[in-house]
Amino acid sequence: MSTETDARTQPAPAPVRKETPRRPRRRSRGMVIASAVAYLITFVILFPLLWIVLLSFQTNDNILNHPFSLSGLSLANYQQALQTLNLLVMYKNTLVLAVVSVTVGLVISYMAAFALTRMVFRRSGRRAQNTLRYYFLAGLAIPVYILLFPVYRLDIAFGLFGTYFALILPYIAVTIPFNILLLTGFLRDFPEEIEQAAVVDGVGLWRMAWKVVFPLMRPVIATLAILNVVYVWNEFPFAVTLINDPTLTTVSLGVSQFQGVYSVDHGAMMASATLVLLPQLVIYAAFQKQVIAGMTAGAVR
């Protein structure tokens with residue numbers, strides 16, 4: 001009897017609810033618009049590059065009359081470009097200019113940015129630092145074409161015209177303002193506790209700058225190095241003005257060799273432009289993570 005009464009007094013088990021399958025959440029209208037805009041921007045950026053590659057396989061007649069035609073594609077333009085241009089010499093000259101100017105420019109920019117954000121002048125205090133910072137940033141507002149004649153006269157006066165240094169020095173000067181802008185922004189958000197701990201350990205100013213702070217700035221340094229190399233690779237006004245020796249021709253000057261006074265070889269020009277673009281695309285594809293990390297460094301604390 002006791003077992004029957006216990007069984008009766010126990011509560012009845014709750015009914016099992018059947019779980020209804022969840023419907024996939026619909027994408028919000030904002031996400032759809034953002035995705036469409038992103039795809040549109042990607043298409044706008046890639047379309048000129050793909051069009052250049054397509055034109056590099058066509059004849060001059062098709063480029064002028066039927067630029068989107070897929071008939072009559074050949075490698076004749078690339079053969080003419082390789083026969084006309086000494087690509088090894090061009091790549092070597094451009095690489096020398098890029099390595100020297102980017103390395104020296106980054107060292108000067110980092111030392112200036114470190115002084116502007118970490119050192120205080122005794123008498124004038126922060127005013128001198130802000131004045132120097134604005135002075136460097138004012139270089140971003142100066143067009144390159146305004147500097148051509150003064151730089152040309154200086155190269156003639158110092159005997160640098162037609163040499164590597166005729167381009168190296170302007171490249172360093174032009175890249176310093178943007179480098180300082182990005183480096184000072186990163187250093188201002190750099191945690192001071194790391195430097196204070198280094199001071200407690202007896203680290204001097206020089207070792208702190210190069211042994212403590214500099215290794216932690218690799219994303220920004222890598223980003224600046226890539227952007228500066230691409231700038232030197234594509235730079236044309238200084239190169240065409242300050243170089244008169246065929247053995248010092250850069251890749252940007254090589255593309256212009258197919259344009260004459262009364263005629264233009266469009267096919268060979270597009271082929272040479274494609275050969276110039278390929279190394280840049282490889283650099284961006286290999287170091288895209290470093291570029292994104294460097295551009296967003298210091299944005300979030």
Side-chain angles (χ1 to χ4, degrees), residues 45-102 144-145 148 151-152 155 160-171 174 225-287:
I45 294 174
L46 292 180
F47 177 74
L49 301 178
L50 297 177
W51 196 15
I52 290 175
V53 175
L54 176 62
L55 294 178
S56 65
F57 293 99
Q58 297 183 3
T59 61
N60 290 329
D61 186 23
N62 285 341
I63 291 175
L64 297 176
N65 299 321
H66 308 285
F68 295 100
S69 176
L70 297 178
S71 60
L73 302 181
S74 65
L75 297 175
N77 295 326
Y78 287 93
Q79 294 176 358
Q80 184 176 356
L82 293 175
Q83 292 175 359
T84 305
L85 302 178
N86 194 345
L87 292 178
L88 294 179
V89 175
M90 292 166 48
Y91 284 136
K92 183 203 73 173
N93 295 331
T94 309
L95 187 61
V96 170
L97 294 172
V99 171
V100 177
S101 60
V102 171
V144 176
Y145 296 97
L148 290 178
V151 172
Y152 171 78
D155 286 341
L160 301 177
F161 182 77
T163 63
Y164 281 133
F165 288 99
L167 294 179
I168 290 175
L169 296 180
Y171 290 165
V174 170
I226 295 170
L227 296 178
N228 292 344
V229 168
V230 172
Y231 165 75
V232 174
W233 199 273
N234 295 324
E235 201 282 325
F236 181 76
F238 282 120
V240 73
T241 305
L242 305 176
I243 294 297
N244 59 351
D245 189 353
T247 60
L248 299 179
T249 303
T250 61
V251 291
S252 60
L253 288 177
V255 178
S256 64
Q257 292 184 7
F258 295 99
Q259 182 177 359
V261 179
Y262 302 103
S263 63
V264 178
D265 192 346
H266 299 282
M269 181 178 293
M270 294 301 171
S272 59
T274 304
L275 296 176
V276 172
L277 287 173
L278 286 179
Q280 302 179 49
L281 297 178
V282 172
I283 291 175
Y284 271 121
F287 299 100

Looking only at heavy atoms, which two atoms of [X] and [Y] are closest? And how far apart?
| X | Y | result |
| --- | --- | --- |
| Ala81 | Ala271 | CB-CB, 4.3 Å |
| Met270 | Leu55 | CG-CB, 3.9 Å |
| Leu54 | Pro67 | CD2-O, 4.0 Å |
| Gln58 | His66 | OE1-O, 3.5 Å |

Flag the pair [X] / [Y] as yes when at least one side-chain heavy-atom distance between them is below 4.5 Å, and no otherwise.
| X | Y | answer |
| --- | --- | --- |
| Met90 | Thr250 | no |
| Ile168 | Ser101 | yes |
| Tyr152 | Asp155 | no |
| Val102 | Tyr231 | no |

Sidechain-backbone polar pair: [X] side chain, [Y] backbone, donor-acceptor under 3.5 Å:
| X | Y | value |
| --- | --- | --- |
| Asp245 | Thr163 | no |
| Trp233 | Val251 | no |
| Thr94 | Tyr91 | no |
| Asn60 | Asp265 | no |
| Gln280 | Val230 | no |

CZ of Phe165: more than 12 outside heavy atoms within 6.0 angstrom?
no
Take atom CZ of Phe47 as the centre, draw a 6.0 Å sphere, and report whether it contains more than 12 heavy atoms from other residues, nucleotides or ligands.
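Correct, the count exceeds 12.
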Quick one: pull up [atom1] in [X] and [atom2] in [Y] and give me the separation to the nearest 0.5 Å.
| X | Y | atom1 | atom2 | value |
| --- | --- | --- | --- | --- |
| Leu277 | Asn234 | CG | CG | 7.5 Å |
| Tyr78 | Leu275 | OH | CG | 6.0 Å |
| Met269 | Ser256 | CE | OG | 7.5 Å |

Give every donor-acceptor pair under 3.5 Å between a side-chain atom in residues 82-89 and any protein atom, sequence neighbours left out.
from, atom 1, to, atom 2, distance (Å)
Thr84, OG1, Gln80, O, 2.8

Full working for side-chain contact (heavy atoms from CB on, under 4.5 Å) between Phe57 and Asn77
CA-CA 7 Å; Phe57 293 99; Asn77 295 326; 5.8 Å; no
N/O donor-acceptor pairs under 3.5 Å from side chains in residues 235-243, not counting sequence neighbours:
from, atom 1, to, atom 2, distance (Å)
Glu235, OE1, Tyr171, OH, 2.6
Glu235, OE1, Ala239, N, 3.2
Glu235, OE2, Phe238, N, 2.7
Thr241, OG1, Pro237, O, 2.8

